[in-house]
There are 2 protein chains.
Amino acid sequence: MPHAAPADPPALQLSRWLPYRLFIVAARIARPLQSYYGERFELSQPAWRILATIAERAEASASEIAHACALDAFSVSRGIAQLVQRGYAVRGRARADRRRAAVSITAAGRQVFDDIARLGRAIEDALLAEVDAAQRAVLDTLLQRLDAASAQIEAGGWPALLPQAGR
Amino acid sequence: MPHAAPADPPALQLSRWLPYRLFIVAARIARPLQSYYGERFELSQPAWRILATIAERAEASASEIAHACALDAFSVSRGIAQLVQRGYAVRGRARADRRRAAVSITAAGRQVFDDIARLGRAIEDALLAEVDAAQRAVLDTLLQRLDAASAQIEAGGWPALLPQAGR
DNA sequence: TTCAATGCTTGCATATTGCAAGCAATCGAC
DNA sequence: GTCGATTGCTTGCAATATGCAAGCATTGAA
């Protein structure tokens with residue numbers, strides 16, 4: 001009898017492929033939220049994330065924000081500028097190291113944040129409406145795993161995933 | 001004793017907010033893949049999705065593709081143009097209705113698809129490496145739920161989520 | 001004191017995107 | 001049939017976003 005040939009991997013099917021499925025859900029959720037804060041408060045996606053970040057801190061430097069929001073330094077800088085221009089944040093200087101910014105939210109900014117957060121919670125509620133407690137717990141665990149794994153994937157880049165280095 | 005005040009909703013915390021968590025994972029996964037097919041085959045994200053879609057069909061019209069890839073008609077048109085230019089797809093006309101395109105993958109296109117799909121599977125494997133069978137099953141169920149819910153969310157837009165219509 | 005490194009910002013050149021307008025083929029009403 | 005509306009797709013242009021080089025101010029190290 002012949003040697004067992006290495007089994008052909010199943011063809012990749014877009015609609016069943018985990019990264020695509022995640023992406024679609026994420027994109028569909030983002031749209032209504034984005035149109036909300038875009039039309040209503042003229043905020044970009046980076047600006048909204050930054051607003052959410054400074055809403056939970058007294059002060060934040062640009063690099064702290066960049067880390068918390070998964071944004072690069074350029075986007076953070078521009079996002080902060082947008083928030084400052086609209087009166088939703090103020091720039092200061094950190095006492096210790098005066099290169100660092102010390103960005104904080106204003107009262108107006110907090111109002112805007114609360115408004116958008118209401119929609120944010122509504123979206124989350126709608127997503128989880130028919131998901132029971134047990135499943136929610138699994139979801140949380142899974143997201144932790146996916147978060148850790150995706151961080152590694154990004155850090156390594158594609159060469160780490162195709163050790164044979166492709167032809 | 002005073003009436004029970006409606007409990008304040010917990011403040012929205014970006015890092016614990018489901019849409020953000022999904023988005024981060026999706027974005028981090030997309031990056032290495034995108035840099036792979038971008039650098040290697042000069043494909044845009046729409047073009048890669050279209051390639052994956054026509055890889056599983058004999059022929060597809062632009063609108064079929066748009067539906068399968070969650071892309072608008074413009075992006076599909078441009079994506080197809082890119083694939084045709086690179087020799088990965090050919091445009092024809094559908095026999096029945098000659099307005100419709102009949103796009104199909106070429107041999108070269110299939111080779112490229114197989115190559116990228118290898119990385120795609122590697123990414124999926126890396127994501128699920130430490131997720132056991134039971135959890136994978138739950139993940140699948142959850143994604144179906146999230147998919148359905150997100151479709152509704154997108155269809156309704158934000159007004160459907162904030163019935164009181166915001167001040 | 002000097003020079004490199006850090007933190008952030010700005011400007012510019014380059015994609016991406018969204019939308020109006022277009023063309024060709026088909027369908028429906030007459 | 002034939003005329004106008006509709007559908008399917010494409011193109012061009014304007015607005016937008018993104019990536020990157022270069023800049024400034026501050027700090028730290030030698």
Side-chain angles (χ1 to χ4, degrees), chain A residues 23 27-28 30-32 34-35 37-39 41-50 53-54 57 59-86 89-104 154 157, chain B residues 23 27-28 30-32 34-35 37-39 41-50 53-54 57 59-86 89-104 154 157:
Chain A
F23 190 91
R28 283 208 288 233
R31 231 153 336 204
Q34 215 162 334
S35 80
Y37 58 64
E39 287 165 21
F41 306 111
E42 297 186 276
L43 295 179
S44 61
Q45 201 203 49
W48 148 245
R49 286 205 209 162
I50 294 166
T53 301
I54 61 178
R57 294 160 215 256
E59 282 192 345
S61 71
S63 44
E64 275 181 301
I65 294 173
H67 183 257
C69 298
L71 292 170
D72 59 56
F74 308 115
S75 314
V76 171
S77 182
R78 289 188 238 263
I80 293 171
Q82 204 173 73
L83 291 174
V84 170
Q85 203 197 329
R86 309 259 183 288
V90 287
R91 279 187 218 260
R93 289 254 155 214
R95 292 185 194 166
D97 182 340
R98 285 168 44 226
R99 289 170 302 186
R100 292 185 124 82
V103 183
S104 22
E154 188 184 28
Chain B
F23 191 92
R28 284 207 290 232
R31 232 156 332 203
Q34 215 162 335
S35 78
Y37 59 64
E39 288 165 20
F41 306 110
E42 295 187 275
L43 296 179
S44 62
Q45 201 203 49
W48 147 245
R49 286 204 209 162
I50 294 166
T53 301
I54 60 178
R57 293 160 217 258
E59 284 191 343
S61 71
S63 44
E64 275 180 301
I65 295 173
H67 183 256
C69 299
L71 292 170
D72 58 56
F74 309 114
S75 314
V76 171
S77 181
R78 289 189 237 263
I80 293 171
Q82 205 173 72
L83 292 173
V84 170
Q85 202 197 330
R86 309 259 182 289
V90 287
R91 278 186 220 260
R93 290 252 156 216
R95 292 185 193 166
D97 183 340
R98 284 169 44 226
R99 287 170 304 185
R100 292 185 124 83
V103 182
S104 20
E154 188 184 27

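Below, chains carry the letters A, B, ... as their sequence lines are ordered, and counting in each starts from 1. Values below: every heavy atom of this structure, side chains too, minus hydrogens, waters and symmetry copies. Since the model is a prediction, treat every value here as computed from it, not as a measurement.
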- Message: Nearest whole Å is fine: how far is C:dA20 P from B:Asp72 CG?
- Response: 13 Å
- With sequence neighbours excluded, tell me which residues meet side chain to side chain contact (heavy atoms under 4.5 Å, CB included) with A:Arg78. A:Phe74
- With sequence neighbours excluded, residues passing side chain to side chain contact (heavy atoms under 4.5 Å, CB included) with A:Ala70: A:Arg49, B:Tyr20, B:Ile24
- Message: Return the OG to CD1 distance between A:Ser77 and A:Ile65, rounded to the nearest 0.5 Å.
- Response: 10.0 Å
- Message: Here's a test of your reading of the structure: between A:Ser75 and A:Arg98, which maps to the more 5' nucleotide of DNA chain D?
- Response: A:Ser75
- Nearest whole angstrom, please: distance from the C1' of D:dT16 to the CD of A:Gln45. 14 Å
- Query: Quick one: does A:Arg57's side chain get under 4.5 Å of A:Glu64's, heavy atoms only?
  - Reply: yes
- Query: Which atoms form the tightest heavy-atom contact between B:Ser104 and B:Ile54, and what is the distance?
  - Reply: C-CD1, 4.0 Å
- Task: Between protein and nucleotides 8-13 of chain D, map the contacts as a letter string: B base, S sugar-phosphate only, - none, heavy atoms under 4.0 Å, written 5' to 3'.
- Result: SSBBB-
- So which of B:Val76, B:Leu71, B:Leu83, B:Ile80 actually passes side chain to side chain contact (heavy atoms under 4.5 Å, CB included) with B:Pro46? B:Leu71
- Query: For the pair made of CG in B:Leu71 and C1' in C:dC19, what is the distance, rounded to whole Å?
  - Reply: 17 Å
